[in-house]
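Shown next, in structure tokens, is the structure this report addresses.
In the text below, chain A, chain B and the rest are named by the order of the sequence lines, each starting its count at 1.
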There are 2 protein chains.
Amino acid sequence: MGRRSDHSRDEIRDMAVSAAAKIVEKVGYQSLTARKVASEIGYTVGTLYHVFHNFDDLIMHVNAQTIDEMAALIQRHIRKKRNPEVRIRTMAEYYVQYATDHPDRWRLVFEHEPPRSLATPARLKERRDVMFEMVADNLRELSPESVSHEVEHTATALWSGIHGICILALTGKLYLGGAFSMVKLIDTLIDSVINEFRRV
Amino acid sequence: MGRRSDHSRDEIRDMAVSAAAKIVEKVGYQSLTARKVASEIGYTVGTLYHVFHNFDDLIMHVNAQTIDEMAALIQRHIRKKRNPEVRIRTMAEYYVQYATDHPDRWRLVFEHEPPRSLATPARLKERRDVMFEMVADNLRELSPESVSHEVEHTATALWSGIHGICILALTGKLYLGGAFSMVKLIDTLIDSVINEFRRV
DNA sequence: CTCTTTTATTAAACAATGTTCAATTAATAA
DNA sequence: TTATTAATTGAACATTGTTTAATAAAAGAG
């Protein structure tokens with residue numbers, strides 16, 4: 001068969017990304033294949049390669065969608081909060097929430113290695129940076145006299161640390177197999193970093 | 001050809017693990033294949049399957065070796081230190097050192113997902129836990145009156161945080177693309193957690 | 001020393017993967 | 001109506017992990 005034009009290229013791209021996300025959630029990101037995505041949207045692999053540069057390209061689109069979803073969830077919840085410290089804690093709370101609810105999609109964001117031939121698109125990097133910037137903004141509000149570079153440094157350390165707890169827990173590589181609560185571990189980190197930040 | 005017996009099964013297993021580790025370091029863990037390992041040691045894939053249960057089984061052996069190497073490096077350096085706080089800082093220093101020097105082998109430890117059919121061997125888990133326990137031991141020495149569970153909780157939070165900084169930096173997913181020094185970020189985390197730990 | 005049994009090793013085959021491409025067919029333009 | 005353009009397919013490709021029947025050498029029995 002030849003041209004069908006049931007859907008535009010953009011529609012097919014969106015359908016493929018959504019189908020891929022659904023497959024990742026259902027059977028895990030290890031079992032995501034081009035043929036599964038294609039058959040899920042009623043097309044053939046060839047069509048996917050007409051719309052995406054690569055399979056990695058498709059994955060990066062899935063990851064962009066994941067980050068957007070996660071950021072939206074977080075922003076929806078911190079909008080109600082006025083206290084910068086509470087906002088940071090809320091960010092972490094829903095970061096963990098999202099990662100726990102969608103473990104495979106979340107892991108795909110951090111465990112997918114784009115081939116060196118294909119550079120990570122600037123949009124994806126920017127999206128990832130959004131979370132760091134939100135933490136920095138609230139730290140700045142917490143102590144307006146701090147120099148910007150120090151604030152960003154602290155925000156990077158704190159958010160990376162939270163991420164570390166999250167990924168070790170979700171991959172089952174945490175000490176004692178996750179006998180500790182992720183939320184409490186993260187609270188400890190936030191308490192420590194914020195107290196130290198206030199003191200300096 | 002049939003039986004050669006140039007090497008015992010144990011020898012072949014060790015050769016394969018070393019060859020695999022070398023390949024991972026040279027061309028990256030994404031490019032590690034069973035056939036490359038086999039040809040590197042002068043055998044065929046079939047022989048690998050005579051010695052390993054799986055390709056994942058081979059990888060877990062590689063990871064065990066990696067963790068042992070890393071733990072040995074760290075222990076060699078903290079033996080000279082007497083102060084528990086200095087020991088924790090030294091641990092982090094050489095953790096980063098090892099990860100930076102052998103990025104692909106280090107990442108393989110944390111990004112290899114064993115299939116749910118094949119359970120992670122207890123030995124591998126124990127090896128991973130060694131690092132957490134070393135941190136806990138030194139925290140305990142730092143404040144002997146603390147209850148054991150609190151100490152382990154703090155150690156888990158701190159070491160997971162350090163790991164988070166490390167993995168985001170090494171995978172190029174850190175805020176501002178690693179414009180911050182890994183060592184300084186980790187120092188910030190250690191300062192914060194240890195100060196807070198002392199206070200409680 | 002000879003015959004049998006065991007077992008290490010290979011080569012070939014398998015199914016599944018990402019990827020490419022010529023053929024086909026429908027929409028669009030002339 | 002015809003010619004051009006482009007979407008879609010199906011089949012092919014190389015490469016992956018994995019299995020297996022054939023083979024040859026070591027080990028054991030007599």
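The separation between A/Ile41 atom CD1 and D/dA7 atom P is 14 Å, rounded to whole Å. Here D/dT16 presents its P atom at 17 Å from OH of B/Tyr29, a figure rounded to the nearest Å. One interatomic measurement links the two molecules: CD1 of B/Ile59 to P of D/dT16, which rounds to 13 Å at whole-angstrom precision. Distance CG (B/Leu48) to C1' (C/dT10): 13 Å, rounded to an integer number of Å. A/His50 has its NE2 atom 16 Å from the C1' atom of D/dG10, to the nearest Å. As rounded to whole Å, 11 Å separates atom P of C/dG18 from atom NE2 of A/His112. At whole-Å resolution of the value, NE2 in A/His53 and C1' in C/dG18 are 14 Å apart. Per the geometry, CD belonging to B/Gln30 stands 13 Å off P belonging to C/dG18, to the nearest Å.
Here B/Thr47 lies in heavy-atom contact (under 4.0 Å) with a base. At the heavy-atom level, A/Leu32 lies under 4.0 Å from the strands shown only through sugar-phosphate atoms. Looking at heavy-atom distances under 4.0 Å, A/Ile12 makes contact with sugar-phosphate atoms alone, never a base. Looking at heavy-atom distances under 4.0 Å, A/Phe55 makes contact with sugar-phosphate atoms alone, never a base.
A donor N or O paired with an acceptor N or O is not found under 3.5 Å between the base of C/dT7 and the side-chain atoms of B/Arg9.
No side-chain N or O of B/Tyr29 forms a donor-acceptor pair with one of A/Glu113 less than 3.5 Å apart. Between A/Thr188 and B/His153, the side chains place a donor N or O and an acceptor N or O closer than 3.5 Å (distance only, hydrogens not considered).
Comparing C/dT19, C/dA8, C/dA11 by their nearest atom to the side chain of A/Arg35 picks out C/dT19. The side chain of A/Thr44 has D/dG10 as its nearest neighbour among C/dG18, D/dT18, D/dG10. Of the candidates C/dT20, C/dT17, C/dA11, C/dT17 carries the atom nearest the A/Thr33 side chain, counting heavy atoms from C-beta on.
Residue A/Glu69 forms a salt bridge (charged side-chain N to carboxylate O under 4.0 Å, His left out) with just one option from A/Arg105, A/Arg76, A/Arg127, and that option is A/Arg105.
Both B/Lys36 and A/Gly46 sit near DNA chain D, but only A/Gly46 has its closest nucleotide nearer the 5' end.
When Watson-Crick and G-U wobble pairs are counted only if both distances are under 3.5 Å, C/dA30 pairs with D/dT1.
Within a 6.0 Å radius of NZ in A/Lys125, other residues, nucleotides and ligands contribute 12 heavy atoms or fewer.
Of the side-chain N and O atoms in A/Asn54, none sit less than 4.0 angstrom from OP1 or OP2 of C/dG18.
Two rings, from A/Phe110 and A/His163, have their centers less than 6.0 Å apart.
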